[in-house]
Amino acid sequence: MAKQFEGTLEKIDDYRWRIPRDESYGMVTEGIVFADEELMKDLRTDAALTQVQNVACMPGIVGPSMAMPDCHYGYGFPIGGVAAFDLNEGVISPGGVGYDINCGVRLLRTDLEEQDVRGKLQELTDSLFREIPAGVGEKGKIQLDEKELRRVLERGSEWAVTQGYGNENDLEVTEDGGFIEGADPDAISDHARERGRPQLGTLGSGNHFLEIQCVDRIYDDEAASRMGILDEGQVTVMVHTGSRGLGYQVCDDALKQLQRAAQKYGIDLPDRQLACAPVDSPEGESYFAGMACAANYGWANRQIITHWMREAFERVLGRGISQIGLQLVYDVAHNVAKFEEHEVNGRRQRLCVHRKGATRCFGPGREEVPERYRDLGQPAIIPGDMGTASWLMLGTDEAMQLTFGSTCHGAGRTMSRTAAKKRQHGREVQSELEGRGIRVRSAGLKTLAEEASYAYKDVDRVIGVTDRVGLSRRVARMRPLAVVKG
DNA sequence: ATGTTC
């Protein structure tokens, strides 16, 4: 477990801080933290800075160990961490991805205005809550046999669309087309697959949610309209969930395996939680193949949930989907490791980029960005905490230079779940939200207390830092009308 | 995040 930060922290400018390379600590590179003074106040007493420093000790890291402005303490790596590794000398690490592999967000736009749904909000929320199972350990409506599950793990969203859950457009505007190549169902344990079989199409718990929102403010009319965001008051829908018990199990299994592998390869690290193996080792390759399975499961999960959301809207509003227009704007992961090409010291290099609580936001022109958006840059969807705003952003050239094309992933916790629960009961949190006109349905009051707004940093401030540093630029801000929680 | 301390 990482301790309170005792290293040196230098202020570079209003939004950037450096942890200089300290060879006596074992650092092989520097750490860079993106934050303003206010966000740094919380971070100074957070062991997350030690974790930034620890990641800077990992073999084969290319560029700095980085922390986004929503950074906070996590398992081994900080949440909000970005680290890239050389494919020959570098490592791959489950702690750099997190337990919820391919936790991610998707944004859908509609042809509805706030007044079209105001009177139906309770009914819509109830319907979503009924149709999409939510809560820890919750099982879904789909029972997959082993063979079908393997197809899910190999093809992600593409499998879901083939089964009738969604359409071609959904795949076009999902990061990586909804699945990563290289997934091998035999690379994960029987137990992981068993956990995955009954859970496809479930929301889960924690910070996962479904939200009915409306556009609060548009910052770039042209970019917004290209993404189907046409005016303020327009209704949008957001899905935030991941790979459920399967991803958790893949991570847990891999941590044990890679702890042994780290010893075997003589990798000496300041924290056991940084368990890793060389990218090109059998253990490293096996983790990637398993992680890719969980990533694909996460995409299929969000895709199936999207299908049921469309059905719920149709039923409650009594109109066909063509009159509702629930089209996917984009879907992006914020917990994943990927092989990508970047410019390093003036030449192209393939790297293994770990993003944990960080969102890929490639700049304009990259082939990974869907053709439709390629000249704009990669959309990044940043959910706020419960009851506050969420953001639609775009990737930038600056992000390519500074963060291997990465930005923040949300508000970021500032209070532990335990501390949050002590402050208020879930009932109070719920009644405050309802008092502000936000409908709430939750599988558990405990989760509501853990996820209360006061337990998070200010998402608008976090977004402000990314915008001013140039890690991503503002397109639109959405505010919640109704939320469904696990 | 997680059938939440296998």
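Labels below follow one simple rule: chain letters A, B, ... track the order of the sequence lines, proteins then strands, and each chain is numbered from 1.
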Chemist: I need the CG-P distance between D252(A) and dT4(B), as an integer number of Å.
Modeler: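 Atom CG in D252(A) sits about 11 Å away from atom P in dT4(B).
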
Chemist: Taking CD from E450(A) and C1' from dT4(B), how many angstroms apart are they, rounded to a whole number?
Modeler: 9 Å

Chemist: Starting from P on dT2(B), measure out to CD on E194(A) and report it in whole angstrom.
Modeler: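 These atoms are roughly 19 Å apart.
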
Chemist: Just checking, any donor-acceptor pair under 3.5 angstrom between side chains of E175(A) and Q378(A)?
Modeler: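 Yes.
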
Chemist: Between dT2(B) atom P and D100(A) atom CG, what is the distance in whole Å?
Modeler: 6 Å

Chemist: Take atom CG of L246(A) and atom P of dT2(B), then tell me their distance rounded to the nearest Å.
Modeler: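 Going from CG in L246(A) over to P in dT2(B) covers 12 Å.
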
Chemist: Rounded to the nearest angstrom, tell me the gap between atom NE2 in H208(A) and atom P in dT2(B).
Modeler: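 Spelled out: NE2 on H208(A) to P on dT2(B) is 5 Å.
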
Chemist: Identify whether any heavy atom of G98(A) sits under 4.0 Å from a base atom; if not, whether one sits that close to sugar-phosphate; answer base, sugar-phosphate or nothing.
Modeler: nothing

Chemist: Identify whether any heavy atom of S243(A) sits under 4.0 Å from a base atom; if not, whether one sits that close to sugar-phosphate; answer base, sugar-phosphate or nothing.
Modeler: nothing

Chemist: Using a heavy-atom cut-off of 4.0 Å across all strands, would you classify H191(A) as base, sugar-phosphate, or nothing?
Modeler: base

Chemist: Looking just at side-chain N and O atoms, do N102(A) and S243(A) make a donor-acceptor pair shorter than 3.5 Å?
Modeler: no

Chemist: Students often mix this up, so state it plainly: with edges at 30° and 60°, are the rings of F77(A) and H354(A) parallel, tilted or perpendicular?
Modeler: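 Taking H354(A) first and then F77(A), their aromatic rings lie parallel (interplane angle under 30°).
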
Chemist: So, W299(A) and D176(A): side-chain donor and acceptor under 3.5 Å apart, yes or no?
Modeler: no

Chemist: Roughly, in whole Å, what's the span from CG in D253(A) to P in dT2(B)?
Modeler: 16 Å

Chemist: May I have the distance from Q259(A) (atom CD) to dC6(B) (atom P), rounded to whole angstrom?
Modeler: 17 Å

Chemist: Once you apply a heavy-atom cut-off of 4.0 Å, does G242(A) come out as touching a base, just sugar-phosphate, or nothing?
Modeler: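 Answer is nothing: G242(A) stays at 4.0 Å or more from every strand.
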
Chemist: For dT2(B), take OP1 and OP2 only and decide whether either is under 4.0 Å from a side-chain N or O of R244(A).
Modeler: yes

